[in-house]
2 protein chains.
Amino acid sequence: MALGAEWKARLYGNDSATPARGGRKPVTSRAELEHVAFDLFAAQGFEATTVDDIARAAGIGRRTFFRYFPSKNDIPWGAFDEQLDQLRTDLRAYPVDQPLMDVVRAALVDFNRVPAAEVPWHRRRMALILQVPALQAHSTLRYANWRQVVAEFVAERLDQPVDALGPQTIAYATLGVALASYEQWLRDESQDLAALMAAAMTGLAESFTGVRTT
Amino acid sequence: MALGAEWKARLYGNDSATPARGGRKPVTSRAELEHVAFDLFAAQGFEATTVDDIARAAGIGRRTFFRYFPSKNDIPWGAFDEQLDQLRTDLRAYPVDQPLMDVVRAALVDFNRVPAAEVPWHRRRMALILQVPALQAHSTLRYANWRQVVAEFVAERLDQPVDALGPQTIAYATLGVALASYEQWLRDESQDLAALMAAAMTGLAESFTGVRTT
DNA sequence: TAGAGTAATGGCACTCGGTGCCGAATGGAA
DNA sequence: TTCCATTCGGCACCGAGTGCCATTACTCTA
């Protein structure tokens, strides 16, 4: 379950400067398998689609499927971990005098911005992740890395250890904001994801007004 | 995975006024199995312990185990869903003029109060849930019910639909506060869980001060 | 052009969680 | 004792995931 280190090297590209001298060429790609799988999911549902089905539809062996994805549950996640590096960078690109939660909110919104052309695809992806129980569960493990990135940034700003209560709480809460927003976004096509996230964040802030902070 | 309706009836007690006329007596109990399982988990770890191991150690058939727990992942959860009814009640026991987030915070703290005698047990339970990847993942599904209870209460107070952005965001964020607090609590024996939750909540509130709420 | 080396493939067998089925065992009530 | 309800647990089966390993396909070099 806990996506080993080999995978990071294996899954997320050729790691730039890999010589890759010889050897047989991969017969397919993560992207292609993802596509094949999504079609099947749409047709028969996630649970009802077996890895065998996917492999057969893609013309590869079942065993080979598991060389492209560590698990069936990972199919919808694409190159998520790669994007985390971007988030890490983005968070630090904001001026240091900008209030902490403003930065977090802005970065959250940015992180989840997708090109208009990919919106329908992204919807399907997120619908799977947020609505299929097995994927809901699995996603927790993926979110952990995301939270870690946020927590690291907050920890720096607050000059606290990463695993201290403050940074961790904020990271968890921010994730909550994101998830609540996504659920809303999936419910209503016409809503703008970025706007929802901003609204959720400020809404949460508002709900705390009047709470004693000492 | 999605714990069916039969289970609610089956797992969580005799449902008070059940006549239970005749029939063979259960040969064991959830509590006993939980105990046997925890011993094995402590000895060999969660992953390394198979359902067969547990059944054998408890002197029951493997098939029977699954009549007591819907899955291996559910072992540490005890009677969680029962407690939710308590939370639901508690939230409404606070005066209506008490600020929303104060009530949520107080209820959160109350919900997680455990008798001193059970603290060591609770620690082991939560250590499993929060640290074993498979259980981390599975717990998401259990938390959903918890969030629902909080969201319902918030929705009433704000006079919004349960699935609106506000209630959902607050429910998610509150869950985050709880999880961050638990992680902290597990890290340091000497900390008081209730105090950590209160601190996390007010800390989150503080972090929002200065955020524009319009 | 014939290797030699390298990397991906995919079949096989296996483990483990989880389920449907069904006969056997158990205990209360008539 | 008989009937009924309920639990037990074996059996067969499914699907995800893994270790092993021979095979295939590709590149580079002698």
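Labels below follow one simple rule: chain letters A, B, ... track the order of the sequence lines, proteins then strands, and each chain is numbered from 1. Here the structure is a predicted model, which is why all the values come from computation and not from measurement.
Between B:Lys25 and C:dG27, a side-chain N or O to OP1/OP2 separation shorter than 4.0 Å is absent. Residue A:Thr50 has no polar side-chain atom (N or O) positioned under 4.0 Å from OP1 or OP2 of D:dG15. Considering only side-chain N and O atoms, A:Tyr68 lies nowhere under 4.0 angstrom from the phosphate OP1 or OP2 of C:dA8. Regarding contacts with the backbone of D:dA16, every side-chain N or O of A:Ser71 stays at 4.0 angstrom or more from both OP1 and OP2.
A pairwise comparison of heavy atoms in A:Pro76 and A:Asn73 identifies CD-O, 3.4 Å as the closest pair.
When rounded to the nearest whole Å, the span between CG of A:Asp52 and C1' of C:dG10 equals 12 Å. In this structure, CG of A:Asp74 is placed 14 Å from P of D:dA16, rounded to the nearest angstrom. Counting to the nearest Å, the C1' atom of D:dT7 and the CZ atom of B:Phe66 are 17 Å from each other. The NZ-C1' distance, from A:Lys72 to D:dT18, rounds to 18 Å in whole Å. Between B:Ile75 atom CD1 and C:dG18 atom P there is a gap of 9 Å when expressed in whole angstrom units. Here D:dG10 presents its P atom at 10 Å from CD1 of B:Ile60, a figure rounded to the nearest Å. We find that CZ of A:Arg30 is positioned 14 Å from P of C:dA8, with the value rounded to whole Å. Between the P atom of C:dT19 and the CZ atom of B:Phe69 lies a distance of 14 Å, rounded to the nearest Å.
Of the candidates D:dA16, D:dC8, C:dG18, D:dC8 carries the atom nearest the B:Val27 side chain, counting heavy atoms from C-beta on. Between D:dT18, D:dG10, C:dG17, one nucleotide has an atom nearer to the side chain of A:Arg63 than all others, and that is D:dT18. Candidate nucleotides D:dT7, C:dA8, C:dG18 were compared by shortest atom distance to the side chain of B:Pro26, and D:dT7 ranks first.
Ring geometry for B:Phe80 versus B:Phe111: interplanar angle over 60°, hence perpendicular rather than tilted (30 to 60°).
Judged by distance alone, with hydrogens and angles left aside, A:Arg24 brings a side-chain donor or acceptor within reach of the base of D:dT24, the pair sitting under 3.5 Å. With hydrogens and angles left out, the side chain of A:Arg62 and the base of D:dG15 share no donor-acceptor pair within 3.5 Å.
A cation-pi arrangement is not found for A:Arg92 relative to A:Phe153, the charged atom failing to lie both closer than 6.0 Å to the ring centre and inside a 45° cone about the ring normal.
Inter-residue side-chain proximity for A:Asp52 and A:Phe65 is flagged as unmet; no heavy-atom pair is nearer than 4.5 Å.
If you run ring-ring contact (aromatic ring centres under 6.0 Å, His included) between B:Trp77 and each of B:Phe69, B:Trp146, B:Tyr143, only B:Tyr143 comes through.
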